[in-house]
Amino acid sequence: MLVTVVIPSYQQGRYLRAAIDSVLAQDYEPLEVLVLDGGSTDESVSVLESYGDRIWWHSGPDGGQCDAIHRGFERARGDIISWLNSDDYLLPGAIRRAVDALEANPAVGLVYGESTMRDDEGRDHPHSMPTIDFDLWRLVNLGDYIVQPGTFFRRDAYFESGGLDQDLNWALDWDLWIRMAGRRAFLRLDERLGVSRLHDETKTATGAVKRQKEIDRVLRQHGAPWHAPSRLLHKVAGQIHRLFPLKAPLAAANLQKEMPTGLGRLTGAPLRFAERRLRRWMDRRQGMWPDGHVGRHARLWVPSPGAVDRVRLFGSNLALEGQTLSVRSRSGGEAAIDLRSGEPFELSISGEFPAGPIELELRCSKSTRLDAPSDEAARHLGAHVGVRRVGVHLSGAIAGKAS
């Protein structure tokens, strides 16, 4: 499959060559590189001219980053597309790994991998949100754990979702992931695919309070309540950025470095303790653990292409007598089942589910703490769970059966 990489750029001549070279050096063909420059007056044009016909490029005034990327995607001929900001770059083998994953998983609309955050001197920064296996509820209500330089997606999935919102400046990728994930499955690759540079001129570094307000508005539109960790954390981050001009991701260690020496030493331990408790609270909020176990109250958002009339959940009960599992959808469907100890179950909800995420809430009447080594994820979080490994099938006139 042809892969198209769109590179938007403006006044980033010092980084532009590294970005383009990282794409052209990939061990994959066929490959199309489109560079849309916003009319830079630095060395960008001379850099672009040096590539001859190896790339397509245009330099001239545009409507900003969103506009450049979207116009690039409209021109793109690739079945698989991605964009790479001109101050970021791909790691060797990234495109081949992404294409292999998409070819092996036809139902998947987007794949993403690990990405490294580095400063101009090549030093790594920790992620503000660790990359995790895909979960739509977590993406909306906890945080954006998909780092953009490590993403590749199908062209039809992009346009099906409506494309990038031209009114957004900071949350444009997060908003796009949420809309695409409402219709198509996403897949995480446990490999490093890209590098995101952190420097003083990035939009993330300069957005401060305006960035937090835009993110809050986007999350509200996608159904995150005011008390969702994603919204609360960005409101707190906005206030912190008023006091400390952080250039690195917001974390206890980075915040401590920005404080006066005496204050940093005094607040270091409390900040680290608060960060651990905060992450623990965020993980507990969802109720669905990485190993597939379900807590007493869990939230599950499922991608839906539309025309779905039945949602079937399947899993197995833990060794709990008198267990009852109930499920409710935001569109109004409800169902409940009494479970036998240790046995598998199926539970169906019927209704008319529109295109977009099907939002389900699961409740178990009983739960138990798991301490077995096989349940490491749940044990590490001190989780009480009721049932295990819940999966979902959708059926309908168009959806057929999709996992």
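Basis for what follows: all heavy atoms, side chains included, without hydrogens, waters or symmetry-related copies.
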**OP:** Give the intermediate values and the outcome of side-chain contact (heavy atoms from CB on, under 4.5 Å) for residues Leu168 and Asp173.
**Re:** CA-CA 9 Å; Leu168 298 179; Asp173 51 349; over 6 Å; no
Please check if any side-chain donor atom of [X] sits under 3.5 Å from a side-chain acceptor atom of [Y], or the reverse.
| X | Y | answer |
| --- | --- | --- |
| Asp42 | Gln12 | no |
| Gln323 | Ser365 | yes |
| Ser44 | Gln11 | no |
| Gln286 | Asp135 | yes |

Going by an N to O cut-off under 4.0 Å, is there a salt bridge joining [X] and [Y]?
| X | Y | answer |
| --- | --- | --- |
| Asp27 | Arg96 | yes |
| Arg188 | Asp133 | yes |
| Asp216 | Arg231 | yes |
| Glu334 | Arg328 | no |
| Glu114 | Arg192 | no |
| Arg97 | Glu191 | yes |
| Asp156 | Arg184 | yes |

Kindly give the heavy-atom pair with the smallest separation between [X] and [Y], and that separation in Å.
| X | Y | result |
| --- | --- | --- |
| Ser59 | Ser40 | OG-N, 4.0 Å |
| Ala101 | Leu189 | CB-CD2, 3.6 Å |
| Asn317 | Leu320 | ND2-O, 3.3 Å |
| Met1 | Ile80 | CE-CD1, 3.4 Å |
| Trp174 | Leu139 | NE1-O, 2.9 Å |
| Leu16 | Ser9 | CD1-OG, 4.1 Å |

Heavy-atom distance under 4.5 Å between the side chains of [X] and [Y], does that happen here?
| X | Y | answer |
| --- | --- | --- |
| Arg154 | Val111 | no |
| Asp309 | Phe353 | no |
| Phe186 | Met180 | yes |
| Trp57 | Asp37 | no |
| Phe134 | Trp177 | no |
| Arg71 | Asp62 | yes |
| Val6 | Leu36 | yes |
| Leu360 | Trp301 | no |

In terms of heavy-atom contacts, does [atom1] of [X] have more than 12 from other residues, nucleotides or ligands at under 6.0 Å?
| X | atom1 | answer |
| --- | --- | --- |
| Glu29 | CD | no |
| Arg220 | CZ | yes |
| Phe273 | CZ | no |

Measure the [atom1]-[atom2] distance between [X] and [Y] for me, rounded to the nearest 0.5 Å.
| X | Y | atom1 | atom2 | answer |
| --- | --- | --- | --- | --- |
| Ser196 | Asp87 | OG | CG | 7.0 Å |
| Leu110 | Ile146 | CG | CD1 | 6.0 Å |
| Met288 | Leu362 | CE | CG | 7.0 Å |
| Phe345 | Leu339 | CZ | CG | 6.0 Å |
| Ile358 | Ser304 | CD1 | OG | 4.0 Å |
| Glu321 | Lys366 | CD | NZ | 7.5 Å |

Look at the side chain of [X] and the backbone N and O of [Y], then say whether any donor-acceptor pair between them is shorter than 3.5 Å.
| X | Y | result |
| --- | --- | --- |
| Arg363 | Thr324 | no |
| Ser22 | Tyr89 | no |
| Tyr158 | Leu164 | yes |
| Trp83 | His70 | no |
| Ser367 | Gly386 | no |
| Ser326 | Ala336 | no |
| Asn141 | Trp137 | yes |
| Glu214 | Asn169 | yes |
| Thr151 | Tyr112 | no |
| Asn105 | Val108 | no |

**OP:** In sequence, state the C-alpha distance, the side-chain angles, and the governing distance for Asp165 and Arg179, and then conclude on side-chain contact (heavy atoms from CB on, under 4.5 Å).
**Re:** CA-CA 10 Å; Asp165 185 339; Arg179 284 186 284 111; 4.3 Å; yes
**OP:** Run the numbers on Ile7 and Leu34 for side-chain contact (heavy atoms from CB on, under 4.5 Å), then give the verdict.
**Re:** CA-CA 6 Å; Ile7 302 178; Leu34 310 178; over 6 Å; no
Original post:
Does the pair Thr4 and Arg155 meet the rule for a side chain to side chain donor-acceptor pair (under 3.5 Å), with working shown?
Top reply: CA-CA 9 Å; Thr4 299; Arg155 188 177 188 275; over 6 Å; no
Original post:
Can you tell which of Ile95, Asp100, Val23 makes a side-chain contact (heavy atoms from CB on, under 4.5 Å) with Tyr28?
Top reply: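 In the set Ile95, Asp100, Val23, the residue that makes a side-chain contact (heavy atoms from CB on, under 4.5 Å) with Tyr28 is Ile95.
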Subject >> Steps toward side chain to side chain donor-acceptor pair (under 3.5 Å) verdict (Arg310, Ser350) >> reply: CA-CA 4 Å; Arg310 187 166 67 97; Ser350 298; 5.6 Å; no
**OP:** Compute both the distance and the angle, then confirm whether Arg75 meets the cation-pi test with Trp56: under 6.0 Å from the six-membered ring centre, within 45 degrees of the axis.
**Re:**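 Yes, Arg75 sits over the ring of Trp56.
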Subject >> Trace of the side-chain contact (heavy atoms from CB on, under 4.5 Å) decision for Asp88 with Val195 >> reply: CA-CA 6 Å; Asp88 299 334; Val195 172; over 6 Å; no
Original post:
Going through the checks in order, is the side chain to side chain donor-acceptor pair (under 3.5 Å) test met by Asp175 and Gln221?
Top reply: CA-CA 10 Å; Asp175 171 71; Gln221 291 172 348; over 6 Å; no
